[in-house]
Amino acid sequence: MMRCAFSFIKDQLVSILKGYDLSEGFEGRITVEPPKDLSHGDMATNAAMVLCKQVGQNPRQFAEDLKQKLEKISGIESIDIAGPGFINMRLTKSFWLDRLRDILQAGTSYGDSDQGASHKVNVEYVSANPTGPMHVGHTRGAVLGDVLCNLLAKVGYDVTREYYINDAGSQIDVLAESAYLRYLEALGEDIGEIPSGLYPGDYLVPVGQKLKDEFNISLKSLDKASRAEKIKPVVLSMMMEMIRCDLDLLGVVHDVFTSEQELRDSGAVDRALKVLEDKDLLYIGVLEPPKGKKPDDWEERPQTLFKSTEFGDDVDRPIKKSDGSWTYFAPDIAYHYDKFARGFTSMIDILGADHGGYVKRIQSATRAVSDDKASLDVQICQLVNLMEGGVPVKMSKRAGNIVTLKDIVEKVGKDVVRFMMVTRKNDTTLDFDLKKALEQSKDNPIFYVQYAHARCCSVFQHALEMFDSEGLEDLALSESDFEGLENDAELNLLKMLSHWPRVVDSAASHHEPHRLAYYLFDVAGALHGLWSMGRDDANLRFLLEDDLVKTKARLALLRACSIIIASGLHVFGIKPVEEMR
RNA sequence: GCGCCCGUAGCUCAGCAGGAUAGAGCAACUGACUUCUAAUCAGUAGGUCGGGGGUUCGAAUCCUCCCGGGCGCGCCA
């Protein structure tokens with residue numbers, strides 16, 4: 001595994017600092033990072049400002065002291081002390097050229113790290129109710145979850161991708177009843193308009209047909225409850241099949257599907273609640289009505305509550321309805337308990353915007369049920385506003401003109417959908433413009449990035465006329481002479497590329513894959529800029545007929561650039577394109 | 001009423017665990033196509049980081065109050 005340039009220098013700095021009398025854990029407080037302004041140098045550290053008090057010096061004094069020692073490190077060319085006590089380091093050219101070698105040797109595994117140290121982490125995402133096809137709203141969570149998993153795997157976590165099937169509860173009764181109508185329809189009856197409250201979508205038509213094939217007319221003689229028992233397994237398996245197809249279109253995969261009904265049937269819910277009861281965290285109580293929005297039919301009713309307030313929640317939360325049956329929260333507790341029992345102490349849930357109010361209670365329950373050993377991070381995906389050329393696409397569930405995941409993927413393609421869905425922080429709403437997503441311009445980030453990759457590949461096609469193909473292999477290139485890289489644009493691109501491990505690291509530890517998207521956009525910009533310099537000055541082109549050594553150095557840089565872009569797109573689950581014509 | 005999230009250029013948004021003169025893209029304006037793909041590039045212009053207070057060497061970032069928007073708040077999941 002390649003050392004990140006920044007952590008390499010930081011390690012050197014830390015070992016120098018160990019010669020001072022500093023308090024435990026000082027490493028975590030100091031940073032070595034690229035300065036905002038390139039003219040300040042390659043790397044800056046705040047160490048002198050942060051730690052000067054401990055050594056009883058003023059920051060500039062301490063910085064001066066550290067400077068003397070840092071200057072002896074090979075790879076550091078010069079050091080300036082600036083502002084309140086920043087230590088700005090400029091690294092030698094050969095230090096950076098070595099990074100180019102690293103990238104070529106590591107290939108797309110450049111940026112991999114052992115941050116996760118093979119710890120198990122469980123990521124639950126999508127978890128759309130099995131009552132219909134997936135729509136736009138689900139897509140964002142699906143992509144975020146999938147990409148986050150890729151990212152965590154890249155930094156060394158042992159990732160399990162999980163889907164929770166909400167196949168119990170009243171929405172499934174409604175589903176069964178809706179399917180029953182379609183069954184009657186399949187038998188030739190006129191069912192008229194689907195009554196409100198039932199699922200109107202025609203995706204249930206094949207389910208009606210299947211029920212007819214399986215049961216003939218026998219369902220008609222059963223009462224509502226017993227026919228529902230017959231219908232549910234059929235409709236649920238067909239719905240899950242449909243969802244799996246939708247996910248497949250997006251290229252989203254899961255390792256484990258957990259059924260809520262099975263948790264209920266297996267006694268897992270009872271066992272989880274027993275754990276809470278033994279800790280004295282359950283009681284019978286009466287909830288206050290929500291202020292300012294008191295339901296008309298509100299009346300006080302005692303129900304079983306979980307003391308989530310002991311874990312920082314605002315009110316205690318019901319786990320049983322007033323009739324004694326479980327709320328959805330109860331099996332959810334069981335589910336997270338089950339994850340803990342399977343050895344997961346790190347869990348991530350990706351939920352939709354309407355679950356915002358749910359975060360504290362499920363985190364509380366996870367802590368309670370695991371004796372505070374497991375932690376749960378919840379990422380809430382805000383809404384996606386679907387647009388077409390700047391105009392919102394009108395959707396109405398009732399009218400049945402919901403835009404489905406399938407519609408979108410068929411329209412713009414899976415790779416485009418995937419990239420667009422993670423170009424924003426998940427906790428802000430996202431405008432997804434179908435027209436813009438297909439545009440071939442800088443306004444469309446995925447196009448811009450892909451185009452940069454294609455350009456790199458294009459030069460290599462031409463290079464085959466100058467070199468034999470073995471000489472252009474990554475390992476062969478990595479052994480070339482890179483001294484010919486000398487202008488600022490080239491070296492700046494190289495420096496930017498060697499930031500990649502930092503970017504991956506920070507995106508992974510913050511669970512924020514969108515950072516990668518912005519970084520890739522920047523890399524693409526740097527590449528396009530470098531490219532265009534060759535138009536004004538033929539000596540700045542990548543391929544120079546009369547200087548094969550320099551050409552090879554430039555090809556190496558170009559190759560590194562395409563490696564980084566490919567590596568980033570790989571995390572997004574997107575195939576880099578090699579040609580655009 | 002309470003909780004969570006958001007508020008940064010005309011528009012859409014970045015801003016990494018507080019760091020230096022707050023950055024991109026679009027739109028606007030100026031310039032560059034006999035090319036390794038101009039599907040692009042270079043440049044100009046545009047901001048009291050919603051507002052007030054606080055914490056400190058230093059705040060868009062942390063705390064607090066207020067304003068504006070979104071989501072949610074027992075028998076839907």
Side-chain angles (χ1 to χ4, degrees), chain A residues 28-29 31 33-37 40 44 46 49-50 52 58-59 82-86 88 127 129 131 166 168-172 174 260 286-295 297-301 303 305 313-315 317-318 320-323 325 327-329 331-332 352-360 380 382-383 390 423-425 427-429 431 433 436 439-445 447-448 451-452 454-455 458-463 502-503 505-507 509-510 512 514-515 517-519 521-522 525 528-536 538 541-543 554 558 579-581:
Chain A
R29 299 179 53 207
T31 57
E33 52 194 4
K36 262 182 206 159
D37 189 339
H40 289 140
N46 60 358
M49 291 178 290
V50 171
C52 61
N58 75 47
F86 286 100
N88 290 328
S127 302
N129 285 344
T131 54
N166 288 117
S170 59
Q171 86 279 8
I172 302 303
V174 172
E260 177 185 352
V286 175
L287 281 176
E288 299 274 318
K291 297 213 166 53
K293 187 208 150 188
K294 185 169 174 173
D297 59 346
W298 181 272
E299 47 182 287
E300 293 193 348
R301 283 169 184 163
Q303 52 193 145
L305 303 174
D313 202 354
D314 317 300
V315 289
R317 303 293 179 174
K320 282 190 182 174
K321 301 174 189 171
S322 54
D323 67 1
S325 64
T327 64
Y328 67 97
F329 186 34
D332 244 17
D354 52 344
H355 287 66
Y358 188 58
V359 177
K360 281 187 185 172
I380 296 291
Q382 286 300 332
L383 304 175
T423 49
R424 292 280 177 269
K425 274 195 301 246
D427 47 17
T428 60
T429 56
D431 289 342
D433 196 308
K436 197 163 276 184
E439 212 169 278
Q440 303 210 322
S441 76
K442 195 174 182 179
D443 202 16
N444 178 2
F447 167 77
Y448 189 70
Y451 184 36
R455 276 186 151 173
S458 160
V459 177
F460 268 75
Q461 283 306 312
H462 289 274
R502 279 187 89 244
V503 176
D505 225 59
S506 78
S509 50
H510 289 82
E512 290 186 348
H514 74 275
R515 293 185 188 189
Y518 281 90
Y519 170 81
F521 189 81
D522 287 344
H528 290 307
L530 184 58
W531 179 288
S532 300
M533 291 174 71
R535 274 201 310 255
D536 300 329
R541 294 196 181 181
F542 297 106
L543 303 178
R554 289 180 177 173
L558 215 47
E579 194 178 39
M580 286 182 168
R581 286 283 175 189

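Letters go in sequence order (proteins before strands), and every chain restarts at 1. Any value given below was found using the heavy atoms of this structure, including those in side chains, with hydrogens, waters and symmetry copies removed. Just so it is clear, the model here is predicted, and its values are computed rather than measured.
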Rounded to the nearest Å, what distance is computed from the [atom1] atom of residue [X] to the [atom2] atom of nucleotide [N]?
X	N	atom1	atom2	answer
Glu33(A)	rU61(B)	CD	P	18 Å
Met49(A)	rU56(B)	CE	C1'	13 Å
Met580(A)	rU37(B)	CE	C1'	11 Å
Leu287(A)	rC2(B)	CG	C1'	14 Å
Glu260(A)	rA77(B)	CD	P	8 Å
Asn46(A)	rU61(B)	CG	P	19 Å
Phe542(A)	rC36(B)	CZ	C1'	8 Å
Asp433(A)	rC11(B)	CG	C1'	13 Å

May I ask you to say what [X] touches in the nucleic acid, namely base, sugar-phosphate or nothing, with a heavy-atom cut-off under 4.0 Å?
X	value
Glu288(A)	nothing
Leu543(A)	base
Asn129(A)	sugar-phosphate
Met533(A)	nothing
Val174(A)	nothing
Ala463(A)	nothing
Arg515(A)	sugar-phosphate
Arg29(A)	nothing
Gln171(A)	sugar-phosphate
Phe460(A)	nothing
Lys320(A)	nothing

Answer yes or no: is there an ion pair linking Arg515(A) with Glu512(A), defined by an N-O contact shorter than 4.0 Å?
yes

Okay, side chain of [X], backbone of [Y]: is any donor-acceptor separation there less than 3.5 Å?
X	Y	answer
Ser532(A)	His528(A)	yes
His40(A)	Phe86(A)	no
Asp313(A)	Lys360(A)	no
Asn46(A)	Met49(A)	no
Gln303(A)	Lys320(A)	yes

- Partner nucleotide, any strand, of rC71(B) [Watson-Crick/G-U, under 3.5 Å]: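 When the pairing criteria are applied, rG3(B) turns out to be the nucleotide that pairs with rC71(B).
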
ask   = Closest nucleotide of RNA chain B for Lys425(A) versus for Val459(A): which of these residues is on the 5' side?
value =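 Closest to the 5' end, via its nearest nucleotide, is Lys425(A).
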
When Asp536(A) and His514(A) are each assigned the nearest nucleotide of RNA chain B, the 5'-most assignment goes to His514(A)

* Asked: rU8(B) and rU48(B): how far apart are their P atoms, nearest whole angstrom?
  ->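 To the nearest whole Å, 13 Å.
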
Same-atom distance (C1') from rA28(B) to rC33(B), integer angstrom
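These two C1' atoms come out 23 Å apart once rounded.
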
Would you indicate, yes or no, if rC36(B) has its OP1 or OP2 atom less than 4.0 angstrom from a side-chain nitrogen or oxygen of Ser458(A)?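 Negative; the distance criterion is not met.
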
Counting side-chain heavy atoms from C-beta on, which of [options] comes nearest to [X]?
X	options	value
Tyr328(A)	rA77(B), rG74(B), rC41(B)	rA77(B)
Ser506(A)	rG74(B), rA77(B), rC16(B)	rC16(B)
Pro290(A)	rC16(B), rG74(B), rA77(B)	rG74(B)
Arg541(A)	rU40(B), rC36(B), rC16(B)	rC36(B)
Arg424(A)	rU37(B), rU12(B), rC5(B)	rU12(B)

Leu305(A) to Val286(A) - nearest heavy-atom pair and separation:
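Taking Leu305(A) first and Val286(A) second, the nearest heavy atoms are CD1-N, 4.3 Å.
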
Give me the distances for all protein-to-nucleotides 20-30 of chain B N/O pairs that come in under 3.5 Å?
residue: rA20(B); atom: OP1; partner: Lys36(A); partner atom: NZ; Å: 3.4
residue: rA20(B); atom: OP2; partner: Lys36(A); partner atom: NZ; Å: 2.7
residue: rA20(B); atom: N6; partner: Asn88(A); partner atom: OD1; Å: 2.7
residue: rA20(B); atom: N1; partner: Asn88(A); partner atom: OD1; Å: 3.2
residue: rA20(B); atom: N1; partner: Asn88(A); partner atom: ND2; Å: 2.9
residue: rG25(B); atom: OP1; partner: Lys442(A); partner atom: NZ; Å: 3.4

Ring-plane angle category for Tyr358(A) and Phe329(A), please: parallel below 30°, perpendicular beyond 60°, tilted otherwise.
perpendicular

Side chain to side chain, [X] and [Y], heavy atoms closer than 4.5 Å:
X	Y	answer
Arg502(A)	Pro34(A)	yes
His514(A)	Lys425(A)	yes
Lys442(A)	Phe447(A)	no
Trp531(A)	Arg541(A)	no

For nucleotides 68-71 of chain B, which of its nitrogen or oxygen atoms have a protein nitrogen or oxygen under 3.5 Å away, and what is each distance?
residue: rC71(B); atom: O2'; partner: Ala353(A); partner atom: O; Å: 2.7

